[in-house]
Amino acid sequence: MKTVGLLDCNNFYVSCERVFDPSLEGRPVAVLSNNDGSCISRSNEFKALELPKRIPYYMLKEYADRLGIAFRSSNYTLYGDMSNRVMKILKDMVHLIEQYSIDESFFHLDHPADFDCSEFGKTVRTRVLKWTGIPCGIGFAKTKTLAKIANHIGKHTPEGIFVMPDDPLPILDRLPLTEVWGISWRLATKLQNLGFRTAGDLARSDSCFIRKHFNVILAQTVTELQGTPAFAYDDFNGPVKRIAFSRSFNLPTDSEQVIHESLLHYTALAAEKLRSLHQLASCIYLYADYTAEYQKETLPSGYCGHLVAFPRPLSDHLSMIDIFEPEIRRIIVPHRRAMKTGVILLGLENECDQTPDLFYGEDKKPAALTAAMDEINRKFGRDSVFLLGEGIQRKWNMKQEFLSRRFTTDWNELLTVK
């Protein structure tokens with residue numbers, strides 16, 4: 001028999017913070033978005049306050065002490081490392097997994113008829129909680145869409161596990177359309193206008209009818225609700241297709257130097273990840289987002305990007321920067337304030353698949369230098385050495401007033417046991 005499971009970490013960002021700060025247990029906790037904007041991850045205690053989702057921080061800060069709310073800035077370095085630890089545990093227990101997001105992963109089981117999915121789920125959940133401190137819920141079903149629903153139900157049970165029965169219709173009949181994976185409230189409204197009220201109604205529909213009136217994806221969703229897999233397996237262990245790195249500035253800026261420094265810094269970070277995956281990039285996409293202006297004349301927000309191809313696939317940011325640095329001016333709009341910049345490495349391929357170019361004299365110095373920089377930064381912490389062009393003070397970095405330490409990735413920020 002084949003079964004699809006879905007592991008989803010509970011309130012993941014908040015859970016990561018609580019692992020290293022037990023004082024947050026039992027308190028309403030919210031992790032804030034970039035530049036401490038709005039609440040993007042909330043503890044159950046915070047949800048019990050019945051505040052709107054993604055409520056801005058500025059609306060809560062004067063009431064935080066009275067309500068006992070604890071805020072944390074997004075610590076992506078910590079969350080990414082904790083996610084890797086959870087996924088590694090799952091990978092050691094299951095052969096086929098596909099990571100859907102930073103805190104979710106589908107896994108595929110091929111098992112005998114007497115296999116107890118519930119007991120297996122309890123084993124996985126217990127191990128993840130014991131080894132990482134992250135609570136999670138697990139759902140089992142015949143398809144990904146049904147596993148999503150099973151996971152949602154499992155999170156609200158004491159065991160944190162739910163196995164979808166062979167006939168899911170009694171459960172789907174009690175489920176609103178918006179609880180189905182991929183159905184937004186706008187799409188749900190259109191379905192309701194055609195007489196669909198619950199997920200059970202959608203499961204009983206004809207996929208050809210749905211495809212004709214909507215699209216292929218929704219038709220596949222109907223097929224999955226009926227218990228037949230329709231969404232293909234996406235190999236989690238396959239090569240990465242693109243590497244992106246971007247951040248919002250703490251304040252919009254019209255400084256060309258800030259845009260220049262940020263692009264060089266993000267390229268260095270993206271290239272570092274590229275080298276850790278033993279891959280090469282064929283080109284880089286540079287972009288900047290500009291904010292709307294409401295002064296003498298109204299200027300709408302805008303997006304400006306430029307693609308730069310490399311003469312050969314690269315992994316060292318020194319060579320990349322030499323090639324694209326003269327092109328940065330193409331994405332700078334004079335007298336407009338940028339609120340965000342970013343880079344995307346594209347055309348990725350594995351180092352082992354690279355064929356040497358007989359007509360191109362390869363300079364090994366940049367690769368050797370970046371390898372030395374990587375080793376120094378691994379040993380002494382990120383940004384121990386970096387290019388001067390990336391900026392020294394970087395006052396344009398995101399506002400992170402409540403940032404916790406990088407407990408698992410920086411020697412200088414490890415917990416001290418007294």
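Quick caveat, the model's predicted, so the values are computed rather than measured. All values below were derived from every heavy atom in this structure, side-chain atoms included, with hydrogens, water molecules and symmetry-related copies excluded.
- Not counting sequence neighbours, the partners of D167 by the side-chain contact (heavy atoms from CB on, under 4.5 Å) test are L169, P170.
- Here the side chain of T291 pairs no donor or acceptor atom with the backbone of R337 at under 3.5 angstrom.
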Evaluate the criterion side chain to side chain contact (heavy atoms under 4.5 Å, CB included) for residue pair L225 and I149; output intermediate values, then yes/no. CA-CA 10 Å; L225 289 173; I149 296 171; 4.0 Å; yes
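- Judged purely by atom type and a 3.5 angstrom limit, R42 has no side-chain atom pairing as donor or acceptor with the backbone of K47.
- Distance alone, capped at 3.5 Å, places no donor-acceptor pair between the T198 side chain and the P176 backbone.
- Checking side-chain atoms of S74 against main-chain N and O of Y76 turns up no donor-acceptor pair under 3.5 Å.
- Remark: Q393 CD is loosely packed, at most 12 non-hydrogen atoms of other residues, nucleotides or ligands lying under 6.0 Å away.
- Taking the ring axis of F386 as reference, the NZ or CZ atom of R394 stays within 45° of it and closer than 6.0 Å to the ring centre.
- Side-chain contact between F324 and T267 is present, with heavy atoms from C-beta onward closer than 4.5 Å.
- Looking at R125, its side chain does come within 3.5 Å of a backbone N or O of C136 through a donor-acceptor pair.
- With sequence neighbours excluded, no residue forms a salt bridge (charged side-chain N to carboxylate O under 4.0 Å, His left out) with E256.
- Environment of CG in L388: sparse, with no more than 12 heavy atoms of neighbouring residues, nucleotides or ligands closer than 6.0 Å.
- By the salt bridge (charged side-chain N to carboxylate O under 4.0 Å, His left out) test, D21 is found to be paired with R72, residues two or more places apart in sequence or in another chain being considered.
- Checking side-chain atoms of D103 against main-chain N and O of D8 turns up no donor-acceptor pair under 3.5 Å.
- Counting heavy atoms from C-beta outward, R336 and C304 have side chains that stay 4.5 Å or more apart.
- Sorted by first then second residue, the ring pair (Phe, Tyr, Trp, His ring centres under 6.0 Å) pairs that include residues 269-289, not counting sequence neighbours, are Y287-Y303.
- With hydrogens and angles ignored, the 3.5 Å screen pairs no side-chain donor or acceptor of N75 with any backbone N or O of L403.
- Put simply, the side chain of M320 reaches to within 4.5 Å of the side chain of L345, judged on heavy atoms.
- Among residues two or more places apart in sequence or in another chain, the side-chain hydrogen bond (donor to acceptor under 3.5 Å, both in side chains) test is passed with N35 by none.
- Heavy atoms from other residues, nucleotides or ligands lying under 6.0 Å from CD of E327 number more than 12.
- With no hydrogens or angles considered, a side-chain donor-acceptor pair links D81 and T408 at under 3.5 Å.
- Proximity of a side-chain donor or acceptor of E390 to a complementary backbone N or O of L387 within less than 3.5 Å is detected.
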Could you go through Q220 and E224, starting from their C-alpha distance and side-chain angles, then the distance that decides it, and tell me whether this counts as side-chain hydrogen bond (donor to acceptor under 3.5 Å, both in side chains)? CA-CA 6 Å; Q220 291 176 318; E224 293 241 328; over 6 Å; no
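- For residues 176-201, the set of pairs meeting the salt bridge (charged side-chain N to carboxylate O under 4.0 Å, His left out) definition, not counting sequence neighbours, is empty.
- In terms of the ring-ring contact (aromatic ring centres under 6.0 Å, His included) criterion, H306 has no residue partners (sequence neighbours excluded).
- Heavy atoms only, all atoms of each residue included: T178 and A188 are closest at CG2-CB, 3.8 Å.
- Taking the side chain as every heavy atom from C-beta outward, H95 and D110 never approach each other to under 4.5 Å.
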In sequence, state the C-alpha distance, the side-chain angles, and the governing distance for I40 and L32, and then conclude on side chain to side chain contact (heavy atoms under 4.5 Å, CB included). CA-CA 6 Å; I40 56 173; L32 303 173; over 6 Å; no
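- In this structure, the side chains of P28 and L67 stay at 4.5 Å or more apart for every pair of heavy atoms.
- The environment of M93 atom CE is dense: over 12 non-hydrogen atoms of other residues, nucleotides or ligands sit within 6.0 angstrom.
- Ring-plane geometry between W396 and H265 is classed as perpendicular, the angle between the planes exceeding 60 degrees on a 0 to 90 degree scale with a lower cut at 30.
- H317 and E272 are not linked by any side-chain donor-acceptor pair at a separation below 3.5 angstrom, with hydrogens and angles left out of the test.
- Within the 3.5 Å criterion, the main-chain N or O of S38 finds a donor-acceptor partner in the side chain of S33.
- Residues in residues 156-166 take part in no side chain to side chain donor-acceptor pair (under 3.5 Å) pair, two or more places apart or across chains.
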Apply the test side chain to side chain contact (heavy atoms under 4.5 Å, CB included) to residues Y79 and I102: give CA-CA distance (whole Å), side-chain angles for both, the deciding distance (0.1 Å), then the verdict. CA-CA 8 Å; Y79 308 152; I102 192 171; 4.1 Å; yes
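- Side-chain contact, E17 with S41: no donor N or O sits under 3.5 Å from an acceptor N or O.
- For residues 123-142, the ring pair (Phe, Tyr, Trp, His ring centres under 6.0 Å) pairs, not counting sequence neighbours, are F107-F140.
- The side-chain heavy atoms of L187 and F214, taken from C-beta on, include a pair separated by under 4.5 Å.
- By the side-chain hydrogen bond (donor to acceptor under 3.5 Å, both in side chains) test, T370 is found to be paired with no residue, residues two or more places apart in sequence or in another chain being considered.
- Seen from the ring of F231, K144 does not count as a face-on cation partner, given the 6.0 Å and 45° thresholds.
- Inter-residue side-chain proximity for L6 and W181 is flagged as unmet; no heavy-atom pair is nearer than 4.5 Å.
- For N151 (side chain) and L7 (main-chain N/O), no donor-acceptor pair under 3.5 Å exists by modelled atom type.
- Of the residues V31, N11, L60, the one that meets the side-chain contact (heavy atoms from CB on, under 4.5 Å) test with F46 is L60.
- Partners of K340 by salt bridge (charged side-chain N to carboxylate O under 4.0 Å, His left out), not counting sequence neighbours: none found.
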Step by step, work out the side chain to side chain contact (heavy atoms under 4.5 Å, CB included) result for L202 and V222. CA-CA 6 Å; L202 190 60; V222 170; 3.9 Å; yes
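- Under 3.5 Å, the side chains of S73 and D36 contain a donor-acceptor pair of N or O atoms.
- The side-chain hydrogen bond (donor to acceptor under 3.5 Å, both in side chains) check on D289 picks up nothing, with sequence neighbours excluded.
- For the pair Y13 and L78, the minimum side-chain heavy-atom distance is 4.5 Å or more.
- Side-chain contact of S262 with T341: a donor-acceptor pair under 3.5 Å is present, judged by distance alone.
- Under 3.5 Å, the side chains of Q226 and T228 contain no donor-acceptor pair of N or O atoms.
- Checked for salt-bridge contact, R204 and D173 meet the test: a charged N lies under 4.0 Å from a carboxylate O.
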